[in-house]
Asks: 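One structure coming up, written as structure tokens, with questions to follow.
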Amino acid sequence: MKQSASLPRTILAPVLLGVLAVALWQLAVVALEIKPFVLPSPVSIATEFSSSVSSVWTSSLVTGANALIGLLIGAIVGIVAAIIATVLPITDELSAPLVAAASVIPIVALAPVLYTMFGADKETARQLVAALAVFIPVYLNTLRGLRQARPVHRDLMRAYGASSWQATRAVTLPGAVPFLFIGLRIASSLAVISALIGEYFGGPIGGLGKSITSAAASSNYSLAYAYVLGAIILGLVFYVVTLGLEKIVSPHRAPSTGP
Amino acid sequence: SSSGSDDSTDSASGELTPVTLQLQWFAQAQFAGYYAALDQGYYEDEGLDVTILEGGADIVPQDVLSGGDADYAISWVPKVLGSIEQGAEITDVAQIFERSATTQISMKDKNITTAADLAGKKVGSWGYGNEWELFAGMQKAGVATDDISLVQQAFDMNGFLAGDIDAAQAMTYNEYAQVLESVNPATGELFTPDDLNVIDWNDEGTAMLQDAIWADSAKLADDDAYADQTVKFIKASIKGWIYAKDNPEEAAGIVTAAGSTLGESHQLWMTNEVNKLIWPSTSGGIGMIDEAAWKQTVDIAMGTKNETGATVISEEPPATAYSNDYVTKALDELKDEGVDVEGADFTPIEVTLKAGGE
Amino acid sequence: MSTEPAASGQTVAQGQPVASARPAAVSVAGVGKVFASRKGTDVTALEAVDLTIAPGEFVSLIGPSGCGKSTLLRLIADLDTPTSGSIEVFGKTARQARIDQAYGIAFQQAGLLPWRTVRANIELPLELHKVGKADRAARSSELLALVGLSDFADKYPDQLSGGMQQRVAIARSLAESPGLLLMDEPFGALDEMTRERMQTELVRICAETGAAVVFVTHSIPEAVFLSNRVVVMSPRPGRIRDIIAVDLGRAEGRDEGLREADGFFEAVVAVRESLHGESAGAPAARGVDIR
Amino acid sequence: MSTEPAASGQTVAQGQPVASARPAAVSVAGVGKVFASRKGTDVTALEAVDLTIAPGEFVSLIGPSGCGKSTLLRLIADLDTPTSGSIEVFGKTARQARIDQAYGIAFQQAGLLPWRTVRANIELPLELHKVGKADRAARSSELLALVGLSDFADKYPDQLSGGMQQRVAIARSLAESPGLLLMDEPFGALDEMTRERMQTELVRICAETGAAVVFVTHSIPEAVFLSNRVVVMSPRPGRIRDIIAVDLGRAEGRDEGLREADGFFEAVVAVRESLHGESAGAPAARGVDIR
Amino acid sequence: MTRTGSPLGRRVLLGVLGVVVLAAVWELYKALGPATGVMIGDLTVLPRTSDLAMPHVWDMVARLFRPVRSAGDDEMMWQAVLEASFFSLGVAAVGWLVGVGVGMLLAILMQRFRTAESALLPWIVLSQTVPLIAIAPLVKRWGSQIEIGEFSWENWMSVALIASYLAFFPVSIGALRGLESPDVNHVELMRTYSVGWWATLIRLRLPASVPYLLPALRLAAANAVIGTVVAEVSIGLRGGIGRMIVEYAAAAGGDPAKPWAPIFGAVVVGLLAAGVVALIGLALTRYRRGETPA
Ligand SMILES: Nc1ncnc2c1ncn2[C@@H]1O[C@H](COP(=O)(O)OP(=O)(O)OP(=O)(O)O)[C@@H](O)[C@H]1O
Ligand SMILES: Nc1ncnc2c1ncn2[C@@H]1O[C@H](COP(=O)(O)OP(=O)(O)OP(=O)(O)O)[C@@H](O)[C@H]1O
Ligand SMILES: [Mg+2]
Ligand SMILES: [Mg+2]
């Protein structure tokens, strides 16, 4: 495996690439006289972003809250379900086709019926869409982690005459944490995207998704992209916070792989 | 325009000029006239080979037009005014719908009969620029956007039916019918118009102009062939709409054949309601843009604030934003051919909606 | 199988307890173990194994891979149950002994919990058995000193070398001062130099704690260096072939010099011959049957 | 460092070629290797190493962990370049020798590609060097017979025992009939019994192919059993402490009996003492310094 | 995921039982739960049980076996749904292929050049936080500018491209991990054979990446399906599940079972996509020998 790259490389290279890409974009828009409704220039997006930063912020709060609630619900249910599936393998076998289906169907397809089931004037449906999207990676990865418990640790617990709850708490759960975080890392930005796409199918106004579409509907693409920028930053914040949480919770284990 | 270069106007040679029309939404009877014109060969008669492009949730027809990917587009005036201010150079060349179809409906027991009654209620809207008449009506009645809780409506009316939305936005030709096609749990029968209160923005005085045919301003000015073609396109389209007026059943069938999956009774209802928006024409013939109506639309667009405090436009649109030149020519030609372009004797048919619009 | 005479200067002691006043540390009587496999082909891992280990005695199990060494150890630890025969640990059933924490155990992998510090790893069994905080800290400090890792108490396992990890595992197995230590190739993953040091270390610790040890190994010199008796096993089905008593003096006296003593080499040769079972056979033929 | 006198009956031959008519198989002259670390603390892995290995000669490298054995082997294999000094393999630069496929190499793990059959694994280097299909098949059959695995040609590595896998790796390293074999603890992962058999096997194969071998190991008996000369290295920085010639007769004559011969034990003792470097020192003190 | 432990028969049986249990729970809750749903304060924690919100299971199934529109001689609902499913599946498959191709190329590039990895990886992660609805219209608009000779860009290609935007991500990450998975041993072995980067890629890195690639391919398939459905709604492509969801929603009030039909279609598409990937996995069994069962 490669050694971890040096600091200038990890920071400088992506920043340079980003700056280059944005510069090319700006240049193309200016040089080719691309109309703003085809593609707004980075400068106009940045200008728009800074001038409407407060409404981007309030929209982000709405969508971010939905994503956060969805992330929490999905993660908690996913973890609990994985623990149940480990303790009672039959539940795992029963739910296998449902989980398999849920992991491949576009969750957003459920958004319209969820609005009907939980109320079109509430954020609940969006939170559930996010929660469902989060549930799958968290459940699958946690389950894998729980089953990963090394035989030597299991033997050790038996040798200590530990109760099954003691064994679960001392060995199985902590051992599953890195896997849980693999799931959470995938889930974090997924939660934001799902909550945002959920807005597409109705519900109270105010979120980023709705703001993007209504700005675009009146051809105000600079504003639309300012909101998109907000969405990107929001997704990034979720991802980074999850990453940071992982570093805090598990400072002393082999680095787990995965995005 | 891929084939042929200059001979596009040369309809005598039998070569048809390819023309694309961008709709605002999926195929449905809202666009019955264009589909009828296509089906009945009216476009072909004018030497046009028309392709109709359907819309989608994120398709902004006026941007497709100004981006050069369509020759004409159907869109609402208030939505386009915003785009024009953002730099789109397009012109309203025929105002097909003379009246607004947007209403705010509510269950009788909610007692919402005027815009003023909306205060403190959960009010639905789709957004996407469909909300301006509502806001204008509220503003006129002294209801601030903060006084209501605004809910974005989904692609269905379930939110309204379940009571999540007190007053829902409904087009007379579509969502209103969707409600009437649903079972009223209280009676076990379908809802009837008696179960509902309707706020009609035409009556409230905040109606804005809706479906219009838009064309590229620059090409209209510089490209004579395009200008001629525009007249032809308007003329054939108007003939389509006249066909829809006279043959609503057939027109509905044509739209369904074009791929709409709406139920039969719903499709016919929509055709009939759309006809009511056009006929009889009081502006001197279908497609003529009424100065007063245009001004009302522009005034509302400049004076109405949405929930974020923004207005549609901040200044008067340029003069190129609309032109009666082309529709006048088209109407003249039609009148010469003895066609009735005002439909003064128009009488809508009676449509009975079935459950689910079947 | 073949109970051939042992090599020069060694006594063969088949299943004989060294002392019999106190109950034996381990007493294995007629134990067999059959693993039922799903395909119907059962694996007989152990057959008719008799073995008695006195308190304080150090016994190594040696034998080719798959001969059932680990299985036997796991049966004693009650991590598995025998198909036939009986096992007693300090006069109790294996199960009771496990519940009473009569033994400590260490495996080939150190098996430390990566999310616990060295100290917390050592304290794990105490914690599970509700030993108070202060007592735990006192005991773990003692054990850390014993294995020479006092400076590393607050490090995490991934910050330790393999040998150090193994020492932590040994400290952990000693946490509840068991009278019996079960060790399954605990030095298997170490390099020879570290290994020799760990052996010396283990001899010292055993001498200090007076625990009996059942020690599984693949290394003949290791077995000889450490043990009072070396149990040589034969495979398929696992049986005890020979028990070779090694008399290299009391544990306290054993040191590096011993490894170069004549007695050491003789014992090594005796174990080697017993292990290969066929020292009289033609070595040339062996090149073919080397699976 | 301390070039103390060798043990009884052994000759110390520091960097002396055994034969000098043909170019030496390996000739290492004044080689040093410094690993630059990011934190600025450089690690001197090797310093002033001189070593010449004659064609057909079997030389083992032994020394404590981290003394640079693998590093030296990797330098010879041109998997890394020395910081100072020069290395020649059959009179060519190490780089040229690698490109010319002058050596075969085997590591501690067999390193077989799991998705290739045993035969396909052995044929890998031939395939990469565009040897024709028929020739490849012929050569791999030959090698399979040599390592006694003809019946396993179409099995996959995971269907083989560790020892068998290691034999496949050796067959692979022999595929292009190299004059030099480089082996880094190839038997490290095997149990002692299998290991002894593999050693016998390797002695036979080397005798048949006449290849020179550089063999890294941690096991003194292994080094002694296999080698013409044992190179003992000392750590930090890695240097050659002693080179101990072992004279146990020609390879063909070596068999299991040898392991119990007096000469064998004497050589073992000699290497042990050289290795510990301080056989005169107090062994008791060592228990403390065991990191 | 599913362990290879239990026999297939049992797995299928329990799987079917699981679906039955779900249906039973649905009906049970529908029978017992309040029509307005279970509320805690202002929050609906359990769904409403009205026919509008939760149609009977049998109604949803029966709806599949009635024509799309009762009047006229329309095809059966299940036929229509299946057709739409296959349409979407086809588009998603194209998107998946493009995504897999791009993902692999990126992974290989990043494996080859460390700087490329440092520079690209953060942006690849970032790319997935861009909401689809922002790029869908862009792609359509740019796509429609493309016209090269006989080839002209069609709407379904825009949808496929959007699907590929979601699909490439797991592939690039998974493949990168896979390409970097070979032991140092193996890599050095190739060096001792003095073969170049390319031969190492073909003979070592690609085969070794298979166990990492397969789950990535499955994720990519799921993502491609999601991308397809959302993009179909977004740019209004006719013929697929996405558009069907919007169209059938209009009938929800009078025909509550109707909107569920395309949802079943979406399940079918997802399962078929996963099935295809499973088949690919089967074909690559040889390269999965080293895989440890999870
Ligand atoms: N859980 C099990 N199920 C089935 N067979 C088993 C099980 N555990 C061990 N065996 C079989 O029992 C026999 C003895 O195994 P055991 O692990 O005790 O050998 P060992 O002597 O410890 O070998 P090694 O030296 O390789 O560790 C082997 O043939 C093995 O395949
Ligand atoms: N790539 C490298 N970068 C930095 N230091 C290295 C590198 N490779 C080896 N070293 C250092 O060089 C020294 C010698 O390492 P080497 O692997 O050659 O030892 P060894 O004798 O093979 O040890 P072992 O018996 O454990 O295999 C060690 O101190 C090691 O930390
Ligand atoms: Mg074992
Ligand atoms: Mg090494």
Side-chain angles (χ1 to χ4, degrees), chain A residues 1-2 5 9-10 12-14 16-18 21 38-39 90 93-101 103-110 112-114 116-119 122 124 140 143-144 147-148 189 192-193 196-197 200 208-209 212-213 216 224-225 228 231-236 239 257-259, chain E residues 1-2 6 10-11 14-19 21-22 37 43-44 47-48 52-54 114-115 117-123 125-126 128-134 137-138 141 170 173 177 180 184 221-222 225-226 229-230 233 241 245 249 252 259-260 262-263 266-267 269-271 273-274 294:
Chain A
M1 224 69 23
K2 299 171 187 177
R9 186 180 239 149
T10 46
L12 216 61
L16 272 180
L17 183 71
V38 176
L39 183 68
I90 183 96
E93 288 178 288
L94 278 174
S95 61
L98 301 174
V99 171
S103 67
V104 289
I105 67 161
I107 301 290
V108 290
L110 291 175
V113 297
L114 287 176
T116 311
M117 287 164 78
F118 290 91
K122 309 257 175 55
T124 318
L140 289 179
L143 192 60
R144 212 172 87 198
R147 292 200 175 134
Q148 211 80 7
S189 39
V192 175
I193 296 233
L196 200 142
I197 295 183
Y200 211 59
L208 280 171
I212 293 169
T213 47
Y225 276 90
V228 168
I232 293 174
I233 293 172
L234 187 64
L236 209 61
Y239 184 80
T257 44
Chain E
M1 324 291 117
T2 38
S6 51
R10 179 187 157 88
R11 289 219 310 268
L14 282 171
V16 171
L17 199 65
V19 175
V21 167
L22 179 71
L43 191 72
T44 313
R48 299 165 174 161
L52 197 64
M54 292 179 67
R114 263 267 283 300
T115 310
E117 179 180 344
S118 305
L120 282 174
L121 206 53
W123 294 104
V125 173
L126 201 68
Q128 297 304 299
T129 62
V130 178
L132 268 194
I133 46 179
L138 266 190
R141 205 170 308 137
I173 301 293
R177 264 208 280 160
E180 288 183 347
V184 183
V225 171
I226 293 176
V229 170
V230 174
V233 175
I241 288 289
I245 289 172
W260 286 89
I263 292 178
V267 173
V269 177
L271 289 180

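So that the names make sense, note that chain A is the first sequence line, chain B the second, and so on, each numbered from 1. What you see is a predicted model, and the numbers here were worked out from it, not measured in a lab. As a basis for the values below, the full set of heavy atoms in this structure was taken, side chains included, without hydrogen atoms, waters or symmetry mates.
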Asks: Can you check whether E/Leu121 reaches A/Pro14 side chain to side chain, under 4.5 Å on heavy atoms?
Replies: no

Asks: What part of E/Ile263 lies closer than 4.5 angstrom to a heavy atom of chain A: side chain, backbone, both or neither?
Replies: side chain

Asks: Which bit of E/Val269 is near chain A, if near means a heavy-atom gap under 4.5 Å: side chain, backbone, both or neither?
Replies: neither

Asks: Considering only heavy atoms and a distance below 4.5 Å, find which of E/Val19, E/Leu52, E/Leu126 pairs most often with chain A.
Replies: E/Leu126

Asks: So which of A/Leu16, A/Ile232, A/Leu196, A/Val99 has the biggest tally of heavy-atom pairs under 4.5 Å with chain E?
Replies: A/Ile232

Asks: Counting only non-hydrogen atoms closer than 4.5 Å, does E/Ala273 touch chain A with its backbone (N, CA, C, O), its side chain (CB onward), both, or neither?
Replies: neither

Asks: If you measure from OG on A/Ser95 to CG on E/Leu14, what distance do you get to the nearest 0.5 Å?
Replies: 10.0 Å

Asks: Against chain E, label A/Ile233 side chain, backbone, both or neither, depending on which of its atoms sit under 4.5 Å from a heavy atom there.
Replies: neither

Asks: Testing the basics here: between A/Leu17 and E/Ala119, what is the closest heavy-atom pair and its distance to 0.1 Å?
Replies: CD2-O, 3.4 Å

Asks: Contact part of E/Leu22 toward chain A, heavy-atom cut-off under 4.5 Å: side chain, backbone, both or neither?
Replies: side chain

Asks: Looking only at heavy atoms, which two atoms of E/Pro131 and A/Val228 are closest? And how far apart?
Replies: CD-CG1, 4.0 Å

Asks: Do E/Thr129 and A/Tyr239 come close enough that some side-chain heavy atom pair is under 4.5 Å?
Replies: no

Asks: Identify which part of A/Ala101 has an atom lying under 4.5 Å from any heavy atom of chain E, answering side chain, backbone, both or neither.
Replies: both

Asks: Output all residues satisfying side-chain hydrogen bond (donor to acceptor under 3.5 Å, both in side chains) with A/Thr116, sequence neighbours left out; order by chain, then residue number.
Replies: B/Asn158

Asks: How far apart are the closest heavy atoms of E/Gly18 and A/Leu98, and which atoms are they?
Replies: O-CD1, 3.9 Å

Asks: Tell me, for A/Ala231 versus chain E, whether the close heavy atoms (under 4.5 Å) come from the side chain, the backbone, both or neither.
Replies: both

Asks: In terms of heavy-atom proximity below 4.5 Å to chain A, should E/Ile245 be classed as side chain, backbone, both, or neither?
Replies: side chain

